[in-house]
Structures are given as structure tokens and as C-alpha cells.
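Accompanying notes for the structure given below.
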Amino acid sequence: MAAIVPIAVTTTNVANKTLTSHCCFCSMQCSLMLLPSEKSPGLVVKPSPDFPVATGRLCQKGLLSLEHVLHSERILEPLYKADRSRPQAGAWQQASWKDAYKDIASRIQEIQAKYGNDAVSVYGGGSLTNEVSYLLGKFTRVALRSKYIDYNGRYCMSSAAAASNQAFGIDRGMPMPLSEIPHAKYIILAGTNIAECQPTMMPYLMEAKKNGAIIVTIDPRNTMTSKLADIHVRLQPGFDSVFINGLLNVILTERLHAESFVRERTVGLDQLSETVKPYTAARVEALTGVLEGVVRTIARGFAKAETGIVLTARGLEQQVNGVENTLNYINLALITGKIGRKGCGFGTITGQANGQGGREHGQKADQLPGYRLIEDPAAREYVAKVWGIEPEELPGKGVSAYEMLQKIDEGEIKAMIVLGSNPIVSSPNSSLVERALKKLELLVVVDLFESETAKYAHWLLPGSSFLEGEGTLTNLEGRVFHRAQVLESPGNSKLDYRFISELADALGRGRYFQYEGIEDVFNELALATAGGKADYSGITYERLIQEKGIFWPCPAKGHPGTPYMFKDRFNHPDGKARLFGITPKMPAEPIDKDYPFVLTTGRVGGHYLSGVQTRRTEGLNKKAPVPIAEIHPWLAGKIGLGTDSKIRITSRRGSLVFQVKVTEGIQPRTVFVPFHWGEELSINRITNDALDPTSRMPEFKICAVRIERVD
Ligand SMILES: Nc1nc2c(c(=O)[nH]1)N[C@H]1C(S)=C(S)[C@@H](COP(=O)(O)OP(=O)(O)OC[C@H]3O[C@@H](n4cnc5c(=O)[nH]c(N)nc54)[C@H](O)[C@@H]3O)O[C@H]1N2
Ligand SMILES: Nc1nc2c(c(=O)[nH]1)N[C@H]1C(S)=C(S)[C@@H](COP(=O)(O)OP(=O)(O)OC[C@H]3O[C@@H](n4cnc5c(=O)[nH]c(N)nc54)[C@H](O)[C@@H]3O)O[C@H]1N2
Ligand code: SF4
Ligand SMILES: [Mo]
């Protein structure tokens, strides 16, 4: 590791002797400490017992998280491309922040004068703190006065959020803390690979197992997580709702449902019962290949278990039917009465570091802080008052992340500021994204590195890493916590929140962005959320530091926070949850004779998302330097795969070649490819950009492909 960035330790933490922070990667948000070390770079990361979530544990990514922060490729100065017409071709030139602001602001003003305010857009991320997420939303509406903002969480939690809102009237990924898991006697894990994606959650599942829990995993692959399972259901991607209807059918026909809970706390049973009637266990076996007996065993086991938990993640959510799939898993938890009491709950596992908080404070196209809807007159009035503007000055709702990229391609959006995302690697059908980025008159990327997206930028500005930016985040359980600053910003890099305020100033809107420090931003955020669904108004930095985290909603100063929601009521006005009978639909691109196999995509344990950080971490990259496609021996035989062969995967959008691993542990018609790489190793060049009609989530998990041997 070439550590050329000088490390300066600030006074913020010296008082504590050890420097503590939280890992920048997944939503577990494990706490870590930086201890002095003899070895370069002079600090070493150790797990910290300081945070009651993953006490004393870090996975490989957390242990190595310092490496990218100090990496020699960190961007340390504002950079620009002189040739504005073809930025991706020229070399970077260095500039001062003053010149950067001047040029960016004047180009934004020119573009807005010519095409209107909405021609400038913002694309945020779920790794950013609550404060930065909040400021990005405010900046777009108040400084740019544009309706176009969305963020990478659209690709992550949007189906889960829509389903939770429909069923429960509120979206907190896990409405109960992780500490409920060990009390569950039956646990269903669907489309979630916890062992690789939230490794420090595994001890909770292991403890449950020790306490006698049955664990069922539902996934097209036998994963590291399914090793823990008593039953693994190996489904072809796209069949979750068929399978769940089978479970619901057995439970309802055998009258195993929780009658009084369903009567008192839910509405919609009749419609649900009608819908699932045709899905007998025998029919589900015929449709999915899952044996009738297995359907019955799981249905009876879960319904009769004294306590139980259902957890879902992207496997079934990143589909055009992602909202409906999630709703069907919620049905299962509701009709069996497994919500609202000890050892029970339904949760969808949030992905990114601040995937929960990042979706609450106005980065989403249709939302204002606290989950308020931007088209709700009362919400507009309240937030406008907090921001010191008139409600009429607030724009309306924009469109989802991928649709913004489409609008660039169509010519409606002319400029974009990307902060905390790498959309050319993480968006589906990325040749459209490439074409769109090339059309932009102004692309500003604020990042730690020259990401694949930054290669198309006119300006690449040095942002702040997790060790530099103080702020608050909200973990997968809805626990808000404070993350201290540990290092000074290296070189001429800048705290993300300062960049946003200073650019607002350059645009002549600085009076709305006057903050002494980050705590000021939080206090304004807390006020803006008061009375909203995600209410932070009782939270202060002082409390967060003293209490080591507070669960929202926390609507008043002395309020203890809400670790466990839905004990007595759900968030719909009548207090009841909604059941939705789901008639399973086809994926956008079903297999056919030309494209006879299903491509699904996801993650490996050692890399994170678009890989910009983890591909620069030697210890992680060594283990997985390139993506490996997984196929079944049956499929390998069919294409005549030899020991040294690679495979070519072709979808309707293009063709890519991958190294291959043959494994019994995958559904025979399915090929799995991780998405952490760019350019010709980026699987998103060939994924499908069909969107869920409600959540606008792309169908990352299913597209039809052809597979050939390459020697
Ligand atoms: N190591 C690592 N950890 C991470 C991340 C990372 O990039 N790397 N990213 C973080 C983020 S942002 C997120 S969102 C989470 C994601 O966490 P997960 O959702 O757990 O991760 P994925 O690998 O995308 O998908 C999970 C599983 O879904 C399965 N699957 C595919 N299609 C289907 C289907 O139709 N039905 C069902 N039931 N399963 C299906 C896949 O085989 C895969 O094993 O992880 C977080 N943690
Ligand atoms: N095929 C396929 N595609 C997928 C998925 C899938 O399962 N399959 N999953 C989707 C999901 S769930 C997600 S969440 C998205 C994520 O997709 P992306 O948002 O593209 O992923 P990241 O790699 O987190 O991008 C973050 C970028 O911001 C930078 N960065 C990190 N922290 C900071 C910070 O604090 N400040 C600044 N200024 N920059 C920072 C990083 O260096 C990196 O370049 O990918 C989605 N795409
Ligand atoms: S489990 Fe998640 S938060 Fe914890 S160390 Fe690993 S990547 Fe970081
Ligand atoms: Mo995600």
C-alpha cells in the first residue's frame, strides 16, 4: 500500500485516547478503533466493543477499510478537463476550489438560463451521512431550484420501502432490533446472503440456532448463508411469489393462521385467501420444482412456531415485481401473527452504510426530510418554513435514478452533480448510461477516486472519506448514531457538506446554507423531520454520543426512541396492516428458445458495490481480482465446457466473457455474476433496465441470456 497521504489526527478524538469510528461499508455499521501501530501507515484498525450491534467484530472489509482512505490514488485537488466537448479523452488539469466554484456555478447558470432550472440534476448516495443526504436534497430544491434529484438507493431499498409503506404505512427496513433474532424459533431468509453481505449479523442467527430455531433460506444458489439452514429452497429467480402463495395456501386451508391477530390487526384477508386458492402445494411443485412436501413442511413449521422472523433483501426486490414479492413475504409474517412481539418480525435488510437514513431526508425524487412527500401541501409548507423560503418556490417531484439517466439521453437534463455513487457501473443497461454521460454539457463528480463515472466528468472534485467527515448515520435497524471525525481532510480535499454549502454560495443562494459546523446541519434536519414519519426531532448530538444511538421515531426531547415498532398498532390511520393478495407475474424478460437461461447478479464477500474502494484494497482484491460466473454442472455439460474454458454470456443488450466456476450449488438454468467491476467486466452492460412500476427498481436479478463456451 502506497500511503502518500499524511495522516493528521485531530483534537476531536484525542480526548478519548483511542480513535473510534464506524466501518464505511454495509448497513451493520460495526464500530472500529484506530490504534497506533509500528507498521505503516502508523494506524491499525481493530474491532471496537463500543457499539451494541456487532460488539467486537469486523469482517474483512471493515478490517481493511483504512487502506482505501490512505490510497495513493485519492483525488486531492479539484480537477477539470480542458476539452469540454470530449472530457473522457483529455488529461486532468488541476484548479483551485475558487476557480472550480466559479466555473461550475457559471456553467450551471448558463444551462439553467437556456433550458430551465430542471436541466440541472443531482445524483446522491446511500453511503453519505444523514446531514449530507439532507443537504443534497435541500441544495437541489433551494439552490438549484430543480426537481431532479435521486440517488443510488433507488437501486437498493426502493422496492422494500414501497412494500413497507403499503403494508405497514411506514418504512423502517427492520422495525425491530437485531437482538430479537436469537428469540425467534423459525427464521425465513429470502434473497439475502447475510454471510457475505452483513457478516457480523451471523452471530445473531447462530445464537437463534443454538436456541433451537429452524432456519430456511430461499435463494437460487446455495450460499454461505444457506450453510446455516435446515432447509434450503433453491428457486429459479422470479418464482418467490409463486412459492409464497403455496405457503399461504397451505396455512389458510389448514387454518393455521393467527385468527385473532389477523382479525384485529390487519385488513384484506378475503382478497388474499381468494388469490392464493389456486396455488396448492402440488401446483407450486409443478411450477417451481420445489417438492410439495417441502412447501407443506415450511408452511406448517412457520405457522405453528411460537415465534418467527422473515427477512428479505435484494434477491427478490430487484425485480419488476419486487414490491409485490416483498408484500407477499409480509403477508406470510402477518397472517401467522409474527409481528409486534418478542422474537417476531418482518424486516428487509438495508444494504448501504446509511441506506436507511439516506432514504429519509430528501434525496429521493418525491420526498422532503422525514419521509414527507414533496407533493403534499402541508409538507411543503412546513419544510419551506424551516428553509426560509415560500412553499411555491419548492419544485415538484422528479423521477427515479435510472429515469434521470434516460432524461439525459433524451436531452431534457443537461447537467448532473454526482456525489457518492458510480452509476455507470451500478446502473442496468449501462451502454445507455455511457451514451447519456457523453451527452452532458456539465458532469461534476465528487468522489475519493477517479471512478468509472468520473472518467466522463468535466470536473472531478475531491470528497471526504468516512474517517474525515463527522456526522450521523442510521443503521439497518433504524438506530441513529454519531460518527466522529478521526482524520483531517488530506490535501485539498473537502468535507462533502462544505462543498454543498460553498457551491450554493457560488450560486448566490448561500444565505440558506449558513452552518457553523455539521451539528448545525443536524439540528436543522431534526427540526425539518418534526412531525414526519421518520421523526428525529428529539435527537441531539449530545444524546447520540451519550446513549450510543437512538432508534427513530424519536419525536420529543425526552423520548427514549423506538427500538421495536408495531407492538400495538401499524402506521396506517386505522392502525391496521394491509394484506395484499399477489397474483404472480412474469419477469420483464422471460427465458425463451433464443435466450434460454436466467442471468442473476449480486455480490461477493470481499468487494463492495461498484468496487471503487475495494478494488483498491490489496487484501480484498487479491482474493477476487475479476468476476467469476457461477454455473451448474448440467449447464456446463450442455455447452461442453472444458477445464480452461471461459463462457460468453449474451443478452439482448450485448455480450461479455467471464471466467467460470462450476458448482452444484446453483439452480441449473441460472448463471450468477457479481457486479463489482467496470468496463468489459461490468455485468451491467447486459442487464435489463425494465423497472418495477411502483418503486422504479430495475430488474437486476433477472434477464434472459444465451451461454456459450469460449476456448
Ligand atoms: N460484501 C458485500 N456486502 C455488501 C454489499 C457488497 O457489495 N458487498 N453491498 C451492500 C448493499 S448496498 C446491499 S443492498 C446488500 C445486498 O445484500 P443481498 O441482497 O443479500 O445481496 P445480493 O448478492 O445482491 O443478493 C442476495 C441473494 O439473492 C439471490 N437471488 C437472486 N435472484 C433471486 C430471486 O429471484 N429470489 C430469491 N429469493 N433470491 C434471489 C442471489 O443468489 C443472492 O445470493 O449487501 C450489502 N453488503
Ligand atoms: N447488476 C447489479 N447492479 C446493482 C446491484 C446488483 O445487485 N446487481 N445492486 C445495486 C445496489 S443495491 C446499490 S446500493 C448500487 C450501488 O451503486 P454505487 O452507488 O455506484 O456504488 P458505490 O460503489 O457505493 O459508489 C459510491 C462512490 O462514491 C464514492 N464514495 C464513497 N463514500 C463517499 C463519501 O463519503 N463521499 C464522496 N464524495 N464519495 C464517496 C466511492 O468512491 C464510489 O465511487 O448498485 C446497484 N447495482
Ligand atoms: S459487517 Fe458491514 S459494517 Fe461490519 S465490518 Fe463488515 S462491511 Fe463493515
Ligand atoms: Mo444496496
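All ligand and atom numbering here is 1-based and tracks the order in the structure.
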Inset, instruction - Number the atoms of ligand 1 from 1 as they appear, then name those within less than 4.0 Å of a heavy atom of Gln198, with their elements. - result: 15 (C), 45 (O), 46 (C)
Inset, instruction - Note the single closest protein heavy atom to atom 9 (N) of ligand 1, along with its residue, its atom name and the distance in Å. - result: Arg603 NE, 2.8 Å
Legend entry - Glu630 side chain to Thr663 side chain, donor-acceptor N/O pair below 3.5 angstrom: no
Inset, instruction - Using distance alone, with no hydrogens and no angle criterion, decide if Gln356 and Arg359 have a side-chain donor and acceptor under 3.5 Å apart. - result: yes
Inset, instruction - Look at ligand 2 and say whether His68 reaches it with a heavy atom at a distance under 4.0 Å. - result: no
Inset, instruction - Give the residue, atom name and distance (to 0.1 Å) of the protein heavy atom nearest atom 1 (N) of ligand 2. - result: Asn684 OD1, 2.8 Å
Inset, instruction - With atom 6 (Fe) of ligand 3 as the centre, enumerate protein N/O/S atoms below 2.8 Å in chain and residue order. - result: Cys59 SG
Legend entry - Any N or O of Asp219 closer than 3.5 Å to N or O of ligand 1: yes
Legend entry - Passing candidate, side chain to side chain contact (heavy atoms under 4.5 Å, CB included) with Thr474, options Thr129, Thr350, Asn354: Asn354
Legend entry - Enumerated ligand 1 atoms positioned under 4.0 Å from heavy atoms of Gly605: 1 (N)
Legend entry - atom 19 (O) of ligand 2 - nearest protein heavy atom and its distance: Asn152 ND2, 2.4 Å
Inset, instruction - Look only at interatomic distance and state if Asn193 has a nitrogen or oxygen under 3.5 Å from any nitrogen or oxygen of ligand 1. - result: yes
Legend entry - Under 4.0 Å to a heavy atom of Tyr155 - the qualifying atoms of ligand 2, by number: 10 (C), 11 (C), 12 (S), 46 (C)
Inset, instruction - Measure from atom 38 (N) of ligand 1 to every heavy atom in Leu316, Thr217, Asp240 and give the option owning the shortest one. - result: Asp240
Inset, instruction - Indicate yes or no: does Arg74 engage Glu468 in a salt bridge with an N to O separation below 4.0 Å. - result: yes
Inset, instruction - Assess the side chains of His482 and Glu470: does a donor N or O sit below 3.5 Å from an acceptor N or O? - result: yes
Legend entry - Side-chain donor-acceptor pair present, Asn130, Ser133, cut-off under 3.5 Å: no
Inset, instruction - May I ask you to check whether Thr312 and Glu317 show a side-chain donor-acceptor distance below 3.5 Å? - result: yes
Inset, instruction - Using a strict cut-off of 4.0 Å, indicate which atoms of ligand 1 neighbour a heavy atom of Gly238. - result: 35 (O)
Legend entry - Nearest non-hydrogen protein atom, atom 2 (C) of ligand 2: Phe700 CD2, 3.3 Å
Inset, instruction - Only heavy atoms count here, so choose which of Arg234, His607, Lys61, Gln667 is nearest to atom 8 (N) of ligand 1. - result: His607
Inset, instruction - Could you tell me whether Ile702 approaches ligand 1 through its side chain, its backbone, both or neither, with non-hydrogen atoms closer than 4.0 Å? - result: neither
Inset, instruction - Check ligand 2 against Leu128 and write out every atom of the ligand that is under 4.0 Å from a heavy-atom position of the residue. - result: 34 (C), 35 (O), 36 (N)
Legend entry - Per-atom contacts of ligand 1 with Leu609, taking only distances under 4.0 Å to non-hydrogen atoms: 6 (C), 7 (O), 9 (N), 12 (S)
Inset, instruction - Quick one: sort the Phe466 and His68 rings into parallel, tilted or perpendicular, breaks at 30° and 60°. - result: parallel
Legend entry - Check: Phe672 N/O within less than 3.5 Å of ligand 1 N/O: no
Legend entry - Nearest neighbour in protein (non-hydrogen) for atom 40 (C) of ligand 1: Pro220 CD, 3.2 Å
Legend entry - Polar proximity ligand 2 side, Asp447 side, N/O cut 3.5 Å exclusive: yes
Inset, instruction - May I ask you to decide if the ring planes of Phe700 and Tyr155 are parallel, tilted or perpendicular, using 30° and 60° as cut-offs? - result: perpendicular
Inset, instruction - Looking only at distances, please establish whether an N/O atom of ligand 2 is found under 3.5 Å from an N/O atom of Asn422. - result: yes
Legend entry - Gly124, Ser158, Gly420, Pro462: member with heavy atom nearest to atom 26 (C) of ligand 2: Gly420
Inset, instruction - Among all protein heavy atoms, pick the one closest to atom 31 (C) of ligand 2 and tell me residue, atom and distance. - result: Gln613 NE2, 3.7 Å
Legend entry - Closest to atom 35 (O) of ligand 2 (judged by heavy-atom distance), picking from Ala401, Cys703, Ser464: Ser464
Inset, instruction - Could you check which of Gly351, Gly358, Ser421, Gly315 puts a non-hydrogen atom nearest to atom 25 (O) of ligand 2? - result: Ser421
Inset, instruction - Could you say whether the N/O atoms of Ser127 and ligand 2 ever approach to under 3.5 Å? - result: no
Legend entry - Residue pair Glu477 / Asn475, side-chain donor-acceptor N/O under 3.5 Å: yes
Legend entry - Protein contact of atom 4 (C) of ligand 2 - nearest heavy atom, named by residue and atom, plus distance: Phe675 CE1, 3.4 Å
Inset, instruction - Identify which of Ala313, Ser426, Ser451 has a heavy atom lying nearest to atom 46 (C) of ligand 2. - result: Ser426
Inset, instruction - Within a distance under 4.0 Å of any heavy atom of Gln29, pick out the atoms of ligand 3 and give their elements. - result: 3 (S)
Inset, instruction - May I ask you to decide whether Arg653 forms a salt bridge with Glu589, counting only side-chain N to carboxylate O separations under 4.0 Å? - result: yes
Inset, instruction - Answer with yes or no whether the side chains of Asn325 and Asn328 bring together a donor and an acceptor at under 3.5 Å. - result: no
Inset, instruction - Using distance alone, with no hydrogens and no angle criterion, decide if Thr288 and Gln236 have a side-chain donor and acceptor under 3.5 Å apart. - result: no
Legend entry - Nearest non-hydrogen protein atom, atom 37 (C) of ligand 2: Asp496 OD2, 3.5 Å
Inset, instruction - Answer yes when Lys622 and Glu67 have at least one side-chain N-carboxylate O distance shorter than 4.0 Å, and no when they do not. - result: no
Inset, instruction - Please determine, by modelled atom types, if Asp150 and Ser400 share a side-chain donor-acceptor pair under 3.5 angstrom. - result: no
Inset, instruction - Give the atoms of ligand 2, by number and element, whose distance to some non-hydrogen atom of Gln352 is under 4.0 Å. - result: 14 (S)
Inset, instruction - Consider every N or O of Ser610 and every N or O of ligand 2, then say whether any pair is closer than 3.5 Å. - result: yes
Legend entry - Gly602 neighbourhood, listing ligand 1 atoms whose heavy-atom distance to it stays under 4.0 Å: 23 (O), 24 (O)
Inset, instruction - Examine the proximity of ligand 1 to Cys26 and report which part, side chain or backbone, both or neither, has a heavy atom under 4.0 Å away. - result: side chain
Legend entry - Ligand-side contact atoms (ligand 1) for residue partner Thr600, heavy atom cut-off under 4.0 Å: 31 (C), 32 (N)
Legend entry - N/O separation below 3.5 Å, Thr601 to ligand 2: yes
Inset, instruction - Tell me yes or no: between the side chains of Gln318 and Lys701, is some donor less than 3.5 Å from an acceptor? - result: yes
Legend entry - Per-atom contacts, ligand 2 versus Lys701 - under 4.0 Å to a heavy atom: 7 (O)
Legend entry - Contacting atoms of ligand 1, where contact means under 4.0 angstrom from a heavy atom of Thr223: 44 (O)
Inset, instruction - Mark up the atoms of ligand 1 that fall under 4.0 Å of a heavy atom belonging to Thr192, in ascending order. - result: 20 (O)
Legend entry - N/O separation below 3.5 Å, Val446 to ligand 2: yes
Inset, instruction - Would you mind running through ligand 2 and noting each atom that sits below 4.0 Å from a heavy atom of Leu419? - result: 38 (N)
Inset, instruction - Quick one: look at Cys156 and ligand 1, take heavy-atom pairs under 4.0 Å, and tell me if it's side chain, backbone, both or neither. - result: side chain
Legend entry - Name of the residue among Ile683, Asp219, Leu599, Thr600 meeting side chain to side chain contact (heavy atoms under 4.5 Å, CB included) with Phe672: Thr600
Legend entry - 4.0 Å heavy-atom contact, Met157 with ligand 2: no
